[in-house]
Amino acid sequence: MCQVGEDYGDPAPEGPPPPRPGRELKCVKCSEGLPVVVIRAGDAFCRDCFRAFYIHKFRAVLGKNRLIFPGEKVLLAWSGGPSSSSMVWQVLEGLSRDSAKRLRFVPGVVYVDEGAACGQSREDRAKTLSDVKRILQTLGFPWHVVTLEEVFALPPSVLRCSAPEPVGTVGTYKVAVDSFLQQQHTLEAEGVGDSPSSAQGEAQPSQPCTQDPQNLAEPPPAAQTEALSRLFDSVKTLTAKEELLQTLRTHLILHVARTHGYSKVMTGDSCTRLAIKLMTSLALGRGAFLAWDTGFSDERHGDVVVVRPMREHTLKEVAFYNRLFAVPSVFTPAIDTKAPEKASIHRLMEGFLLRLQAQFPSTVSTVYRTSEKLVKAPRDGCASGPRCLLCMCSLDVDTADSATAFGAQTQDFSQMQPPTPLAEAGAPTVPCRSAEVGRAPNCCQGTRPCRREDSRARVIKQLCYGCRVNMKDVVSRSHSWVVTGEAHPPGLGATQPLVHGHPLLQPSLDPLPPYILAEAQLRSQRLSPEIQEYLLENSDDRAHASGSGAWGPPEDGGEEGQTVCDCINKNIFN
Amino acid sequence: MPAPQCASCHAARAALRRPRSGQALCGACFCTAFEAEVLHTVLAGRLLPPGAVVAVGASGGKDSTVLAHVLRELAPRLGVSLRLVAVDEGISGYRDAALAAVRRQAARWDLPLTVVAYADLFGGWTMDAVARSTAGSGRSRACCTFCGVLRRRALEEGARLVGATHIVTGHNADDMAETVLMNFLRGDAGRLARGGGLGSRGEGGALPRCRPLQLASQKEVVLYAHFRRLDYFSEECVYAPEAFRGHARHLLKLLEAARPSAALDLVHSAERLALAPAARPPPPGACSRCGALASRALCQACALLDGLQRGRPRLAIGKGGGARDEEGPPPPPPSDPGSAPGPADGECGAACKERCE
């Protein structure tokens, strides 16, 4: 205040400024502690309350659904990322509690090394693996590290849906829990320290060494790595690559679970990730399977059930928890790391949802809530139809329904003959001697579908809509050589590009791992004996319908073939 | 490099590539193919039986212009007769010009035209008046919600006036894709459960409605209009920038760049959604005031108008909105931020294109 006579040299007269009323926040839960995080919109939590809230959510999701029975073997799918690390950490904590609240299942951890698909060098992969191993060894449960290259050694039985275990009702669950607890009491009374069926929070020295027979020390064979790189190179778009990677990873984890007797797999998908996944699946044409893709439990594989216990935690909560409580995680670059936002549908959706979330803070929870209203019901109630080869959901394409989006894409009303590009696609697998100087490489003139087209068509026919769209992006370089003076003898490597123009990009599914192609073959052979006796070998049909494409080929043969041909004949999709 | 030959007639030079398939076609063959596809949709979906009197919702825009033109070409084959019904929402500077385009079309094609105006049907409420009334609420306007609902009523009235048996509107695949995205983002399980088909059969006395262009992509509609040299009105509504649908539209454009078949993939997803029975809307009854189709005591149009009359325009919008009787304001939204009062609450709920739901 400017007053006459005031001495400005005085030190500040009063002490610390009085506390401003109403500005000191307290934890909204306990009203005592100092808040350290803000969850949702304006709920400030102190450290302990946040921890309790987070753990409670995890346990509540597990408890509410009552799917995991005591003593069950559960495989934790750990990617090294924050959500799955948090999940593993929760399980670790949950097992080390006192017996009343202890988690009652028997966990194991699996880590899939996807370095080859993401284009990492050997040294980077080795380094990541050593970090991974270090963390896994501190956990105390059995762990398995598998490389993605092992998909080339998978058996076709991975794609078969095994008979599901009889699902218990709530009553069965309670009975199981009670009997388990009783068993515990008896064992403790008899003086046995920790029974073999109890949780293995106490690290037994022999446990951490449990790993797969394929020792970590040897990197996977170079041929497999190269095959994997070739597979991913033959996929044109990042969207299809991501989907393919996810499919292969799922199959691999499924195989590990089946081999080692795990009946449940836990994945660390958080609420945010699931909301993004839901919108992405929608855009990929997987509307029929949303409930399986984003629900709590996914039992499409039959004996192994995939469970998502982190589905109510937002990514923000996970990040805060990991930071506050020092949860170890390993950063590994994914297939879409540093990709521009417009590169794939997954990235686009992620960017869109997160931006919208900034504007309307309830977007993610709204989408999540809608996902809870979805049910696992095939459209006509027939659950026993054929299943997709790759994603193992009941097929959602119906050639009879032509006034639908699928129908619109399989018909073509331009009244045209199969165009020349397709005829080129009919290039033979066996290089024809006649494909020599001056002639275009369509020696069979598209008059009959060749073997390569057949195998591709066979696989496509057994896929659901979403997987078909993805497969459209799988093309491989042609192995034809032609139109120059020097006729390369077929014996030489088939990697010579065409001298004229660019190498032909033919739709071919050869780079796919053998188990997929084998299973496709098996399934198609299983169908045909039923109708073989009724089919007439009609060569006109085959010539007429040689334009096979991504949407499904003509059937082999007469009567049966004709009705299907109506819808998918003359399509020109490539 | 000269254009390739038309892949269909192999005679003329190709004039375009079809956006979805990349096939090169000349103008005439493309138009023929487009018409054939629409015909197939109508026949396979059994949308318009022979002898139907079809009211075409004509706004003067590209979709309804193309729809009217194609149906006029196909009418002899389908055995239906057409009437044009245009709705005048009373948006100055926009609708007048659009209506002029419709009148020109009606004259050119020699189709009977009926214009129904909001001002006549809804007691003097034009969209401009509605916009003024809702503008003062602080947040962005919800006038698109009103427009969508009221237009549907107006179309129904107009169709009855001309004695129609079916109503068709020009929604294309992109519209349907945007709708499903929007419904998910807003958590509108009821609309998700209702949508997905090619139209509605018309329960409880409402006229059956359908969308013959539903499987055609927007780009093809524009191309068709170009090659047939159709005269349409192409400006966007003055209230459109505030619509929530704009987000979905922007997203769809990005998705189509990443994957050209994105719109149809979304339509396929929408067709195959399976929602819990509890989430589905209750079977519709009749509005207690006007007798139209309603899932609650008052149909949405009456509820909205009610709110307008009482000076509380947000009365019937958003979750928990709907039929409000004379007593009491709606309950306050629950304090849990997760229950989505966000985009659902009047942030342009049933935006402009929801003429059919």
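Quick note: numbers below take in every heavy atom, side chains included, and nothing from hydrogens, waters or symmetry partners. Please read all numbers here as calculations on a predicted model, not as lab measurements. Chain letters run A, B, ... following the sequence lines, proteins first and then strands; every chain starts at 1.
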Problem - Straight-line distance of Q357(A) CD to L185(B) CG, nearest 0.5 Å - result: 11.0 Å
Problem - Nearest atoms (heavy-atom pairs only) where F244(B) meets L356(A) - result: CZ-CD2, 4.2 Å
Practice task
Could you check which of A288(A), A343(A), A291(A) has the highest count of heavy-atom pairs closer than 4.5 Å to chain B?
Solution key: A288(A)
Handout entry: Pairwise distance CG(L273(B)) to CG(L282(A)) - rounded to 0.5 angstrom
Key = 6.5 Å
Practice task
Sort L290(A) into side chain, backbone, both or neither according to what part of it lies under 4.5 angstrom from a heavy atom of chain B.
Solution key: side chain
Handout entry: Contact class of L47(B) relative to chain A, heavy atoms under 4.5 angstrom
Key = neither
Completion exercise
Closest non-hydrogen atoms of T370(A) and G187(B), given as atom of the first, atom of the second and distance, are OG1-CA, 3.1 Å
Problem - Nearest atoms (heavy-atom pairs only) where A258(B) meets I345(A) - result: CB-CG1, 4.1 Å
Practice task
Look up atom OG1 in T404(A) and atom CG in L215(B), then write down how far apart they are to the nearest 0.5 Å.
Solution key: 7.0 Å
Exercise for the section: Using the six-membered ring wherever Trp is involved, compare the ring planes of H268(B) and Y465(A) and label them parallel, tilted or perpendicular (cut-offs 30° and 60°). Expected result: parallel
Handout entry: Spacing of CG belonging to N470(A) relative to CZ belonging to R259(B), to within rounding of 0.5 Å
Key = 4.5 Å
Completion exercise
Value for CG (L192(B)) from NZ (K373(A)), rounded to nearest 0.5 Å, stands at 9.0 Å
Problem - Selection from L251(B), L275(B), L266(B) maximising heavy-atom pairs under 4.5 Å formed with chain A - result: L251(B)
Practice task
Could you grab the distance from atom CG of L254(B) to atom NZ of K342(A), nearest 0.5 Å is fine?
Solution key: 5.5 Å
Exercise for the section: Kindly give the heavy-atom pair with the smallest separation between S269(B) and R286(A), and that separation in Å. Expected result: OG-N, 3.4 Å
Fill in the blank from the handout: One option among L348(A), L284(A), L238(A) has the most heavy-atom pairs under 4.5 Å with chain B, and it is L348(A)
Problem - Residue pair L255(B) / A283(A): nearest heavy atoms and the distance that separates them - result: CD1-CB, 4.0 Å
Practice task
Go through the atoms of Q359(A) and report whether side chain, backbone, both or neither lie under 4.5 Å from a heavy atom of chain B.
Solution key: side chain
Exercise for the section: Side-chain contact test, heavy atoms from C-beta onward, threshold under 4.5 Å: evaluate it for H247(B) versus F352(A) and give yes or no. Expected result: yes
Exercise for the section: Could you tell me whether R311(A) atom CZ has more than 12 heavy atoms of other residues or ligands within 6.0 Å of it? Expected result: yes
